[in-house]
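We count ligands from 1, going down the list as the structure has it; atoms in each ligand are counted the same way. The shown structure was predicted, so the numbers you read here are calculated from the model rather than taken from an experiment.
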Amino acid sequence: MSRQITGLKPTGHLQLGNYLGAIAPAVRAQHQTDLLVFVADLHALTVDHDPGQLSGLTREVATLLLAAGLDPAHCTLFVQSQVPEHVQLHYLLECAATYGEAHRMIQFKEKAKAQQQVRLSLLSYPVLMASDILLHDIDEVPVGDDQSQHLELTRDVATRFNAKYGHTFVVPKMVHQVFAARLMDLSDPSAKMGKTGSSGAGVLFLLDPPEALRRKVMRATTDAGREVSYDRAARPGVANLLDLLASLTDGSPQALADQFSSYAELKGAVADAVIETVRPIQRRYAELTADPAQVDAVLREGASRARDRASATVRRTTEALGLLTS
Ligand code: AMP
């Protein structure tokens, strides 16, 4: 059985893109792989953050992951900072990665451009990601295009470390996602739907009330013309709605296009499907928030399980590097 890992940053409220692109695949994968899922709170510190909100968002993300169907009997769910070995290995790997490697990362260049004060942790973020993967002996990492450069860095660092200091890390295989559903912002179909960075008018948050979800879908930007057809280049707004409906109903966007005679009709169907998808998640979320001790217990148990392997990896690494181990 392969071992996989997936992380979600608590930088905002989870939205439907997170569900379709990361959470729903994880819920399916937990039955076929040895799956670790973590709330990447350390990664949330790489850009300006609000300490007053971080712990609340961390708990919200963890609770939503459980509400969406992750089952602690089938996966290991934990909060990254509660497994301190992530930080330990991060530093040790910084001693094997180079400045040039980190500086070449396209995401670093793009994110750094948008900020006045660039945190050093933004530069070394891919090394923390390498630590997340190598710490748990992950053998396969499914990646979309935006993460493939970071995974290459993980593989390079692990390979170099093994060659120099003896076999220490499992070098993970990169599995390109065949179809990575990419949900676009409903008010700007040229931008990816995201937790942060927009007004939220075109973002379907998993905890939005049904009326808000319907309103956002009904106001989605469509394109000139009236006929519903699937054309990503010429009609990106309509194509996004068709893609969304297709992923929620397991249909094909082209076939769905033929079923609607107006944009309003298509939007109504999308709103219904979105509301049906989030309804059971919101119900379960309400139950779980009524009993936060249960969520805490799941996270404690997850961290403890994750630490068993993580501490062995850190021990192997410190020994290989020649540090005096107790
Ligand atoms: P983040 O915490 O924002 O880095 O996102 C966590 C996961 O959600 C990543 O694996 C993303 O690929 C996925 N994700 C976020 N937004 C979208 C989107 N609009 N469409 C598809 N997947 C998404």
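Close contacts between ligand 1 and Met193 involve ligand atoms 16 (N), 17 (C), 18 (C), 19 (N) [criterion: under 4.0 Å to a heavy atom]. Distances below 4.0 Å separate heavy atoms of Arg182 from the following atoms of ligand 1: 20 (N), 21 (C). Numbered from 1 in the order shown, with element, the atoms of ligand 1 that lie under 4.0 Å from a heavy atom of Ala22 read 7 (C), 8 (O), 10 (O). Residue Lys195 has at least one heavy-atom neighbour below 4.0 Å for each of these atoms of ligand 1: 1 (P), 2 (O), 3 (O).
Salt bridge absent: Glu152 and Arg104 never bring a charged side-chain N and a carboxylate O closer than 4.0 Å.
There is a side-chain donor-acceptor pair under 3.5 Å between Asp188 and Ser190. For the 3.5 Å distance criterion, the side chains of Ser229 and Arg235 qualify, holding a donor opposite an acceptor.
The six-membered or imidazole ring of His150 lies away from that of Phe108, with a centre-to-centre distance of 6.0 Å or more. The aromatic ring centroids of His136 and Phe78 lie less than 6.0 Å from each other.
Under a 4.0 Å heavy-atom criterion, Gln147 is not in contact with ligand 1.
Note: an N/O pair closer than 3.5 Å links Leu183 and ligand 1 by distance alone. Looking at Lys9 next to ligand 1, an N or O pair under 3.5 Å apart turns up. Residue contacts with ligand 1: Gly17 is placed with a nitrogen or oxygen under 3.5 Å of a nitrogen or oxygen of the ligand (distance criterion only). At least one N/O-N/O distance between Asn18 and ligand 1 falls below 3.5 Å.
Side-chain N or O atoms of Arg3 include none that pairs as donor or acceptor with a backbone N or O of Leu35 at under 3.5 Å.
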Return all side-chain donor-acceptor pairs below 3.5 angstrom for residues 10-27, not counting sequence neighbours, or 'none' if the list is empty.
{"residue": "Thr11", "atom": "OG1", "partner": "Lys195", "partner atom": "NZ", "Å": "3.3"}
{"residue": "His13", "atom": "ND1", "partner": "Glu60", "partner atom": "OE1", "Å": "3.3"}
{"residue": "His13", "atom": "ND1", "partner": "Glu60", "partner atom": "OE2", "Å": "2.7"}
{"residue": "Gln15", "atom": "OE1", "partner": "Gly17", "partner atom": "N", "Å": "2.7"}
{"residue": "Gln15", "atom": "NE2", "partner": "Asn18", "partner atom": "OD1", "Å": "3.2"}
{"residue": "Gln15", "atom": "NE2", "partner": "Met193", "partner atom": "O", "Å": "3.4"}
{"residue": "Asn18", "atom": "OD1", "partner": "Gln15", "partner atom": "N", "Å": "3.1"}

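By the criterion of a heavy-atom distance under 4.0 Å, neither the backbone nor the side chain of Met184 is placed next to ligand 1.
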